[in-house]
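As structure tokens, the structure follows; a few thoughts come after it.
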Amino acid sequence: MAGTVLVTGGTGYIGGEVIDQLLGRGYTVHTTVRNSAKSEPRLRARWPEAGERLKIFQADLMSDDGWADANAGCDAVAHVASPFPLGIPKDKDELVVPATEGTLRALRFANAAGIRRFVQTSSAAAIAYGQPEKDHFDYTDWTNLTAGVPPYIESKTVAERSARDWVAANAPDMVFCSVNPVAVFGPVYNDDLSTSIEMVKRIIDGSIPLIPNMGICVTDVRDVAKAHVAAIEAPAEKVRGERFPTSTKFLWIAEMADVLRQRAPEIAGKVPTRRMPDWLVHVLSVFMPEMKQIKPELGNVRDVSGRHSEEVLGFTFIPAEQTLEDTARSLVQLGIVEV
Ligand code: NAP
């Protein structure tokens with residue numbers, strides 16, 4: 001059922017994988033980038049055979065320029081672009097405003113172009129925060145913003161809520177759903193690393209000498225992209241209004257380090273073995289912003305189930321151990337990490 005799909009944020013880790021899978025399935029892909037002079041050569045180099053089946057448009061989340069052309073002739077939108085920085089901005093609106101306004105802009109232009117299928121890349125950030133009494137979550141849960149959450153978490157929650165409200169009020173016949181990944185890992189294709197990949201890089205390149213007492217849920221970029229494609233292709237009644245968390249397994253960082261040592265011993269020489277005591281994280285957080293981000297996560301289980309997505313979309317996620325091994329191997333193969 002190939003057609004034409006707009007993928008916003010084609011330079012990104014997830015956006016690139018969605019484009020890759022769509023091209024592989026015979027679609028024509030339109031994609032938006034912020035700076036086409038910089039990004040077009042990179043995208044053309046990744047898909048040299050795509051030719052006219054890949055069209056690149058310059059469009060920023062904060063401006064109307066370019067969006068009408070990007071949407072023209074498309075059957076569906078995968079709206080992936082959103083700021084996802086490593087650090088915490090001084091002003092939360094640096095994230096909340098582009099995430100929310102950008103999503104509403106993408107929806108408005110898609111609706112104006114007559115597009116009736118819209119898949120938003122939301123996040124487990126919109127599911128599993130601000131509820132200290134809970135440690136297991138699923139697609140029915142929503143992050144509680146009244147508890148006070150970091151700017152990125154707020155940006156994804158407000159963007160998904162606003163998108164759903166906008167569709168209900170302005171385009172009730174549009175088939176809207178979200179994909180809500182946990183931390184995304186898997187093979188990388190260039191040295192422009194997504195924030196989630198930085199974590200594995202720092203485990204295997206020795207820049208984390210001690211392992212903090214924290215954990216995360218793992219999902220594979222190939223499954224995240226597959227969920228977007230399945231959500232585009234599924235019958236409308238199956239996906240309308242749905243939320244599709246992609247998540248394979250909750251792992252403590254210490255367990256991730258063990259997996260890397262067992263599955264890729266030849267590249268795991270610098271993977272730390274010793275634990276960082278919680279008191280040290282507290283002390284370091286006074287002058288290290290990264291430690292400040294880790295502090296509230298110490299000892300927390302935040303386990304998001306992806307079972308609902310596997311059942312509705314009809315495929316099984318790649319095991320987390322494979323995902324971590326493939327992440328590490330690709331970082332070494334590309335020369336991003338030296339062993
Ligand atoms: P990424 O590699 O940093 O990609 C982010 C993309 O958004 C890039 O293409 C970036 O374009 C684009 N973007 C950012 N601000 C923009 C703006 N103002 N105008 C236009 N484009 C803009 O991150 P990713 O991991 O692929 O994340 C993609 C999406 O997945 C985001 O919505 C993120 O919230 C979500 N997500 C990611 C994870 C994860 O662990 N990676 C987990 C859950 C959800 P430039 O190249 O121009 O910067």
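Both counts, for ligands and for their atoms, begin at 1 and track the order of listing. Keep in mind that the numbers below use all heavy atoms, side chains included, and drop hydrogens, waters and symmetry copies. This structure is a prediction, so every number in the text was calculated from the model and none was measured.
Below 3.5 Å of separation, one finds no N or O of Gly15 facing any N or O of ligand 1. Between Met62 and ligand 1, no pair of N/O atoms sits closer than 3.5 Å. For the pair Val184 and ligand 1, the shortest N or O to N or O distance falls below 3.5 Å. For ligand 1, the polar-atom distance check against Pro98 finds no nitrogen or oxygen pair separated by under 3.5 Å.
When only non-hydrogen protein atoms are considered, atom 9 (O) of ligand 1 lies nearest to Thr11 OG1, 2.7 Å. The protein heavy-atom contact nearest to atom 48 (O) of ligand 1 is Arg34 NH2, 2.7 Å. Distance from atom 36 (N) of ligand 1 to its nearest protein heavy atom, with residue and atom name: Tyr152 OH, 3.6 Å. Closest to atom 43 (C) of ligand 1 among all protein heavy atoms lies Pro181 O, 3.2 Å. For atom 19 (N) of ligand 1, the nearest non-hydrogen atom of the protein is Leu61 N, 2.9 Å.
Of the heavy atoms in Ala124, none comes closer than 4.0 Å to ligand 1. Under 4.0 angstrom from ligand 1, there are no non-hydrogen atoms of Val33.
In this pair, His79 and Trp67 present their aromatic rings perpendicular. The plane angle is above 60°, beyond the 30 to 60° band.
In summary, Asp258 and Arg261 engage in a salt bridge, as defined by a charged side-chain N under 4.0 Å from a carboxylate O. For the pair Arg46 and Glu17, the salt-bridge criterion is met [side-chain N within less than 4.0 Å of a carboxylate O].
Taking a cut-off of under 4.0 Å to the non-hydrogen atoms of Ala81, the atoms of ligand 1 that pass are 7 (O), 12 (C), 21 (N). Close approach to Val182 involves these atoms of ligand 1, each under 4.0 Å from a residue heavy atom: 40 (O), 42 (C), 43 (C). Taking a cut-off of under 4.0 Å to the non-hydrogen atoms of Ala183, the atoms of ligand 1 that pass are 40 (O). Within ligand 1, the atoms closer than 4.0 Å to a non-hydrogen atom of Val80 are 28 (C), 29 (C), 31 (C), 32 (O), numbered from 1 in the order shown. For ligand 1 and Ser194, the ligand atoms under 4.0 Å from any heavy atom of the residue are 2 (O), 23 (O), 24 (P), 25 (O), 41 (N). For ligand 1 and Gly9, the ligand atoms under 4.0 Å from any heavy atom of the residue are 9 (O). Close contacts between ligand 1 and Ser123 involve ligand atoms 43 (C), 44 (C) [criterion: under 4.0 Å to a heavy atom]. Contact atoms of ligand 1 toward Lys156: 31 (C), 32 (O), 33 (C), 34 (O) (distance under 4.0 Å to a heavy atom of the residue).
With 3.5 Å as the limit, one finds no donor-acceptor pair spanning the side chains of Gln21 and Arg222.
A 6.0 Å sphere centred on CD of Glu266 holds more than 12 heavy atoms belonging to other residues, nucleotides or ligands. When the shell of 6.0 Å around NZ of Lys292 is examined, it contains 12 or fewer heavy atoms from other residues, nucleotides or ligands. The environment of NZ in Lys201 is crowded: more than 12 heavy-atom neighbours from other residues, nucleotides or ligands sit within 6.0 Å.
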### Derivation and outcome, ring pair (Phe, Tyr, Trp, His ring centres under 6.0 Å), residues Tyr139 and Phe137
CA-CA 7 Å; Tyr139 67 102; Phe137 302 87; over 10 Å; no

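A single hydrophobic cluster is seen to contain both Ile216 and Ile208, as judged by linkage of ILVMFWY side chains at heavy-atom distances under 4.5 Å, directly or through other members.
Cation-pi check for Arg243 over Trp142 is met; the charged atom lies under 6.0 angstrom from the ring centroid and within 45 degrees of its normal. For the pair Arg164 and Phe176, the cation-pi test (distance below 6.0 Å, angle within 45°) is failed.
Ranked by closest heavy atom to atom 7 (O) of ligand 1, the top entry among Ser82, Gly12, Ala59 is Ser82.
Each of Ser123, Ser122, Ser155 was evaluated against Glu160; a single residue qualifies, Ser122, per the side-chain hydrogen bond (donor to acceptor under 3.5 Å, both in side chains) test.
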